Structures are given as C-alpha cells and as structure tokens.
Trainee: 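Okay, here's the structure, questions in a sec.
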Amino acid sequence: MTRLSQTLLPTERQPPADAEAISHQLMVRAGLVRQMGAGLWSWLPAGWRAHQRVVGIIREEMERIGSQEVLMPVLQPAELWKRTGRYDAIGGELFRLKDRRDADMVLAMTHEEAMTNHVAQIVRSYRDLPFSLFHFQIKERDEPRPRAGVLRTREFIMKDAYTFDRDEAGLQAQYERFREAYARVYDRSGLRWYEVESDTGMMGGKRAHEYMAPCAAGEDDVVLADGGAVYAANVEVASADPQPVTLPDAPDAPVRVETPGTRTIAKLAAHLDRPAGALLKAFPVVVSGSEAYADGVVLLLLRGDHEVVDVKLAKALGGTVRQANEDEIRDRIGPPGFLGPIGADVPVVVDAAVEATGTGAWVVGANETDVHLDGVVLGRDFAYDVVDVRAVVAGDTVDGTPVTIEPAIEVGNIFQLMTRYSEPLDATFLDEDGKTHAIVMGSYGIGPARIVAAAVEQFHDERGIAWPKAIAPYEIEVVGLGKPGGDEAAAAERVYDELREAGFDVLLDDRAGGAGSKLADAELLGAPLRITVGKRSLADGRVEAQIRRGQETIEGGLPLDGLSDAVRELWERVP
RNA sequence: CGGGGAGUGGCGCAGUCUGGUAGCGCACCCGGCUGGGGGCCGGGCGGUCGCAGGUUCAAAUCCUGUCUCCCCGACCA
C-alpha cells in the first residue's frame, strides 16, 4: 500500500539552512531522513526503503559467496577490547560506559573482537576452516566531526564480514572472492566506483582495498590514471612519476646566494627566477618508535612544488611522526625559512621525486638567515636516504599516463587482518599434525547509508534525485492529475493496480493537489520512471512516461491497453 | 581540540546595533474557486525567541554563564 495520501513523506521546498552537501539537502528535502543530533539520523519510510534495497543487494552477494549471516551485540564488555589493546589504543572515538555493576563496557565501533571471540570458542580443528560470517549491525563512533548529513555519522549500520582461514593462501582466496562480490554489489547498486589500494590504518594487517564513489562531498582524494583503468589509489598511498623540471648544470661546489626575507618557496622562486620544482623544501619532523631512525629530528627534503603526505611519511620512517617545533629546529638545524641539509646535525631523507627529477643543481637553505645554497648536488654535498612521501598531483604520470585527482567517498573497504585479532583472543586451531596455529582473518565492510548518499550525490539534477533503479525507494511513481474522484484519478488507480500486479514497486500520488506540486515532488523524490495520467493523453487511451534520469519524455507515451508489457519493455532501458 | 558562524512556529528568514504587547514567506486547518508545472480569494491554528541567572518599571534585544547545531582545520576501521 503505497499511496502518497497515506505515506509519511515530508517533502520540503527549501533545504535546512545548515545543509551543505547536495545529498544532505536532497535527502532531507525529499523526506528520506531527519536529523536528531550531530551525526545522528533517523530514516523515514522512503529513505529506509532505499537503504533496505541496498542491504538486500549486499545480502544476496554475501550469500552468493557462501558467507553466513549472524547478529552480534553493539553493547560489549570492555574486556575483549582490552585484550586486543584497542581499548587503550583508540582515543575518544570509542564510546565507553559502565553498567550498573560498574563494569567497563563499550559501544562497538566494529566487530572484530566480538566475532573473533566467538570463533575462538567454537573452532578447534583445521577441519572447521575456512568459512566466513557477516552481519548488518549498528556501529557507534564518537566522531570528532560528523558531517554532510548521512555521509559521516556517529551511529550507522554497517555490513561487516569476517573470513577465517588456516593460512595466508586461504585468506587470499577468500579475499579475492570478496573483491568480486564487492564489485557486483557496487555495479548492481548503480554507482560509479573505484577500487583503490589503501592504507591499513589502525586495523592492522597486510593488504587493504577501499571502494570509492566519486562525488563532490567526498572526504578522500583519489588518484586515477585513465579514469581508474590504469591506476587508482588513495592519495594517502598513491605514487606516480613527477612532472619534469629542468635543473641547471651544477658547479663544482655549492654557491652561497643572498636571499633576504625569502622564507617561502614562492618568494625564493621569484627571487632566483627559478621554478619552484627546482628548489628543495626542508621539512623537519620528529620521529619516534622507528627502527630505522633514532628518536628525534629528521630533515625531509622535497621538491618545492610538492607537499608531504603524513601517512606516507610515517610509513616510510617506520614510526610516529610530528612536525618539529621551532626550538628543535633552531637547535639541530638552523633558522626556519632557511633550512637545508648541509651542516644539519640530523639524518636527511629525500623524497623519491627529487631523485626522479634528474641530475643537476638544486637550491637549498644554508641554515643561515637570508642565505641559500645554489648548485647543490645530491650525494656529493650531503648523504641521504630516499623515501616516497610526497602527494601525487594532477598531471603526474603512471606508466606514462597522466593522472587526475577526484574527491570520493569511501563506501566500503576490505582488509587482510592476518592474525591481528586471532592471536590476542586465542582463536587457534590444530592442524593435521596436532600443532596449534592462529586463524588467519580478513574483514570486509560496507556502509549502505553511504551508498544511498553517494547515489544521491552522483545522480541528481536541479529538480531533485534521479535514483539508480536498483536502489530507488520506489521504482515507478504514478501521478494522477485532475480532480480527486475524476476520470483521471480513476484511471491512475487502475494503472497503479496493474503495475503493482506486474511486480513493480509503485508509488501512487493520489493527493488532491495541483499538477505543479505533484510533478515537482515526483522529481524531487526521483523514482526512475514516472507515469503521468492526465486528460491530454487519456483521451487517446494512453498515459505519459518520463525517465527521471535526463528527464527523457517517451514520445507519444504508453498505451493503456497492454500497459504492463510496455512498461516492462521500457524498464529495460531505465538506468 | 583550534578557527569561524548560527539558535525566533514544521521549513526558510526579519526583528537584536538603538529595550517598550513577536512579524514575514512557504507549509498546516476551514470555506470557496481552480484542476497539466509549487494557482487564487477569504478566514484561522501554531512560537516560555536554546537554557539558566542577572540588569531594568519593562529583555528576543543589554550583561554573565551554559547547552546545542553547522562550516573549515586537526582527527577519523
């Protein structure tokens, strides 16, 4: 029963004043969601239908690869999280509370601990492996900054799946099956998407992929070569060949140049009439917990036209990294604004793009106020290690193909956890020889709400949402024009009944409104196909049809006689 | 956590500077007209102005405190 006259669909003409992202504006305007607090959202009937259609697709694809659905609690004893170390490792993002007996509890932000704990109790033998489990469950995360409506919230439903194998080869096999399943999920949902290599982050483990849906409200930047066909990676891990810069020939030794007041690359480039890419930017950092470097200051050099990526830097140096403060800089290197490797009392690392640029003379700070050194040659004038830590920029190349950078929202990710959770939680099994091994795990997440919001971001126009047909709240909206109780309304009822019987999800606008507001609401809500029943075409025994995406009106409409067949045929080419 | 902005009916806003009985558009209710692109006329309902305290004869408006929300950054499986 989906008659608009009896449906809670609170459409708004104006978006909330604080809505910035398009999906945020449209989802509220179309009556899909309502906000309760920062990062806390309720789903209204139409929005929940879209969400549940995404859930349905995911469930089918999980079951297709043999994963089994379960359900685990959100409220969990902190004990488990203490055993894996995450109770202390995770900061304010983890909701912590106490129960009436004063026991520490947490609200789960993900379910590795819960899942691994159960498997540890159940699995004994290699004969029990491999298998995989998944569930749809609420996750609670005290996000520092919820934003963009439903795109980044503090409470959301996630499908998370976990695989359990006896060895890495088994994990690889399951991982590949999940990659294929994920591709089918995103293809079926109708999104534009990319699979990119990603950082393993705090989850630990070995390999990881993210699934990114490009859209303006995206939080991540993705590097793409040939639209993702040649290369696709998050900028946090991406590598590419830098754009060329011509370096002057080097003299026999560095030359002092007076550079008064040129504390920035831009000023220095102007002063010396040299491209920024021919200058070396010095970036002093303090490393700790690294095996390769003693705790303390390290000086990073990168091309003047490049920026450092913190994630890549931390990984390259093998520890945690922060920017050095002014005292540390003056103490160990020189005056800020004129820093350089020569004479610096710290290890020097050089970004790979500097070496890749070629041989020739570089300009660096002289560690002396208002002085730089020109004609500096890598290796000859100072020793260094090479690290790849810079941010790829648009126009760089991968295998000769130039890259572009697009904002995108992460709609899913997969991780090879290895034994990160099975070891601390004693999830082990006995092999054929009676030897004990830790179970090798993978974890696989998808956020259905983000798929919904990303679809709205990707498919909308000035009039509203234009849903992909696989996840639209309603497949067809039948708009009855004319007076309530009139011929047009009666015909619309018959069309509604026939299309429902034909198996479509149909919404009938049977409200007593004017044509303008009905058609405007239909376009805002964005059903992929609209059937309009009005006297113009009814006189010829026909109804009008419009494909929402691109506002394509079907020439001549569709005949009432044999309507469901005609709609089925048309449906085939609705996006 | 740092920076910026905002809390006045369901939504969007004015009023605050300069204190004096809380307004507008849309939505909503009633009646009528209209019935193919948010239509028209008439009549209505609805707000302790985020909260608390203070100043004052009088506070949406001034002062103090506090809560909440949004944006940018930091942060973020």
Side-chain angles (χ1 to χ4, degrees), chain A residues 8 10-21 24-25 28-29 31 34-40 81 84 86 89-94 108-113 139-149 151-154 156 158 160 162 198-205 208-210 217 219-220 234 236 310-311 322-323 409-410 412-417 420-421 442-447 450 463-464 479-489 492 509 511-524 530 532-539 543-544 546 551 553 557:
Chain A
L8 183 72
T11 57
E12 296 289 347
R13 209 160 163 168
Q14 288 165 310
D18 56 22
E20 198 85 354
H24 183 183
Q25 295 183 7
V28 173
R29 283 191 56 211
R34 280 289 167 99
Q35 185 169 16
M36 177 168 285
L40 300 172
W81 293 70
T84 60
R86 292 168 103 193
I90 298 173
E93 203 182 349
L94 181 64
M109 50 195 294
T110 174
H111 281 74
E112 279 79 11
E113 279 82 359
K139 310 295 171 187
E140 304 283 353
R141 298 179 184 185
D142 197 355
E143 291 285 350
R145 185 151 106 77
R147 57 177 291 276
L151 274 182
R152 184 163 210 92
T153 56
R154 294 196 291 174
F156 61 97
M158 177 189 240
D160 44 326
Y162 303 88
S198 70
D199 180 49
T200 50
M202 79 177 239
M203 296 292 288
H209 288 90
E210 284 173 344
E219 313 183 300
D220 291 304
N234 195 310
E236 291 193 344
D310 294 343
V311 172
R322 65 167 170 84
Q323 289 190 30
I409 186 73
E410 180 185 355
N413 57 35
I414 60 180
F415 286 86
Q416 296 187 359
L417 296 175
R420 166 67 181 84
Y421 296 92
S443 87
Y444 313 82
I446 296 184
R450 281 196 174 173
R463 298 195 180 191
V479 179
L481 301 178
K483 296 181 190 179
D487 292 345
E488 295 151 285
D509 190 347
R511 297 174 302 179
S517 53
K518 289 185 176 184
L519 296 172
D521 268 358
E523 282 150 358
L524 177 58
R530 187 181 84 205
T532 309
V533 183
K535 62 175 183 287
R536 277 183 200 162
S537 54
L538 217 47
V543 294
E544 291 148 60
Q546 187 192 66
Q551 308 243 59
T553 300

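All figures in this text were calculated on a predicted structure; none of them were measured in a lab. Numbers restart at 1 for each chain; the letters A, B, ... are given by sequence-line order, proteins then strands.
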Trainee: By the 4.0 Å heavy-atom rule, please label Phe156(A) as base, sugar-phosphate, or nothing.
Mentor: base
Trainee: Which sits closer to the 5' end of RNA chain B, Thr532(A) or Ala38(A), going by the nucleotide each is nearest to?
Mentor: Thr532(A)
Trainee: Using the test side-chain contact (heavy atoms from CB on, under 4.5 Å), find all partners of Ala512(A) that sit at least two apart in sequence or belong to another chain.
Mentor: Pro484(A)
Trainee: Can you sort out the partners of Ala21(A) under side-chain contact (heavy atoms from CB on, under 4.5 Å), two or more places apart, ordered by chain and number?
Mentor: Ser23(A), His24(A), Ala148(A), Ala217(A), Glu457(A)
Trainee: If you look at every strand shown and take non-hydrogen atoms under 4.0 Å, does Glu219(A) touch a base, only sugar-phosphate, or nothing?
Mentor: nothing
Trainee: Under 4.0 angstrom, heavy atoms only, what part of the nucleic acid is Lys535(A) near: base, sugar-phosphate, or nothing?
Mentor: base
Trainee: Quick one: label Ala148(A) by what it contacts on the DNA or RNA (base, sugar-phosphate, nothing), any heavy atom closer than 4.0 Å.
Mentor: sugar-phosphate
Trainee: Mark yes or no for a side-chain to base donor-acceptor pair under 3.5 Å between Glu544(A) and rG36(B), with no hydrogen or angle criteria applied.
Mentor: yes
Trainee: Assess the residue pair Leu524(A) and Glu12(A) against the criterion (side chain to side chain contact (heavy atoms under 4.5 Å, CB included)); give the C-alpha distance rounded to whole Å, side-chain angles, the decisive distance to 0.1 Å, and a yes or no.
Mentor: CA-CA 9 Å; Leu524(A) 177 58; Glu12(A) 296 289 347; over 6 Å; no
Trainee: Enumerate all atom pairs, one protein N or O and one N or O from nucleotides 22-33 of chain B, separated by less than 3.5 Å.
Mentor:
| residue | atom | partner | partner atom | Å |
| --- | --- | --- | --- | --- |
| rG25(B) | N2 | Gln14(A) | OE1 | 3.4 |

Trainee: Suppose we screen for side-chain contact (heavy atoms from CB on, under 4.5 Å). Which residues come up paired with Glu544(A), at least two apart in sequence or across chains?
Mentor: Thr532(A), Arg536(A), Ser537(A)
Trainee: Could you identify the nucleotide paired to rG25(B), looking across every strand shown and requiring Watson-Crick or G-U wobble geometry with both distances under 3.5 Å?
Mentor: rC11(B)
Trainee: Pick base, sugar-phosphate or nothing for Ala19(A), based on heavy-atom distances below 4.0 Å to the nucleic acid.
Mentor: nothing
Trainee: What nucleotide among rG37(B), rA74(B), rG10(B) has an atom nearest to a side-chain atom of Ala515(A)?
Mentor: rG37(B)
Trainee: Quick one: label Glu523(A) by what it contacts on the DNA or RNA (base, sugar-phosphate, nothing), any heavy atom closer than 4.0 Å.
Mentor: base
Trainee: Using a 4.0 Å heavy-atom cut-off across all strands, classify Ala520(A) as base, sugar-phosphate, or nothing.
Mentor: base
Trainee: Looking across every strand, which nucleic acid part, if any, lies under 4.0 Å from Asn413(A) by heavy atom: base, sugar-phosphate, or nothing?
Mentor: base
Trainee: NA contact type, Gly534(A), heavy-atom cut-off 4.0 Å: base, sugar-phosphate, or nothing?
Mentor: base
Trainee: Give me the distance, rounded to whole Å, that separates rU34(B) from rC41(B) when you measure between the C1' atoms they each carry.
Mentor: 11 Å
Trainee: Return the 5'-most residue of the pair Gly482(A), Pro144(A) with respect to RNA chain B, ranking by each residue's nearest nucleotide.
Mentor: Gly482(A)
Trainee: Nucleotide by nucleotide, 5' to 3', does protein get under 4.0 Å of the base (B), only the sugar-phosphate (S), or neither (-) in nucleotides 41-46 of chain B, counting heavy atoms?
Mentor: ------
Trainee: Describe the nucleic acid contact of Pro10(A) in one word from base, sugar-phosphate, nothing, applying a heavy-atom distance below 4.0 Å.
Mentor: nothing
Trainee: Is it the case that the base of rC76(B) and the side chain of Arg145(A) share a donor-acceptor contact (distance under 3.5 Å, atom types as modelled)?
Mentor: no
Trainee: So which nucleotide does rA6(B) pair with, by the Watson-Crick or G-U wobble rule with both distances under 3.5 Å?
Mentor: rU68(B)
Trainee: Using the C1' atom as the point on both nucleotides, what is the distance between rG53(B) and rC28(B), in whole Å?
Mentor: 37 Å
Trainee: So for Arg530(A) and rG37(B), does any side-chain atom that can act as donor or acceptor lie under 3.5 Å from a complementary atom in the base?
Mentor: yes
Trainee: Side-chain donor-acceptor contacts of residues 514-522 of chain A below 3.5 Å, not counting sequence neighbours, with atom names and distances?
Mentor:
| residue | atom | partner | partner atom | Å |
| --- | --- | --- | --- | --- |
| Ser517(A) | OG | Gly514(A) | O | 3.3 |
| Lys518(A) | NZ | Gly480(A) | O | 2.6 |
| Lys518(A) | NZ | Arg511(A) | O | 2.6 |
| Asp521(A) | OD1 | Thr11(A) | OG1 | 3.2 |
| Asp521(A) | OD2 | Thr11(A) | OG1 | 3.3 |
| Asp521(A) | OD2 | Arg511(A) | NH1 | 3.2 |
| Asp521(A) | OD2 | Arg511(A) | NH2 | 3.1 |

Trainee: Can you check the Asp509(A) CG to rG37(B) P distance for me, whole Å?
Mentor: 15 Å
Trainee: Would you indicate what Gly91(A) reaches in the nucleic acid, counting non-hydrogen atoms under 4.0 angstrom: base, sugar-phosphate, or nothing?
Mentor: nothing
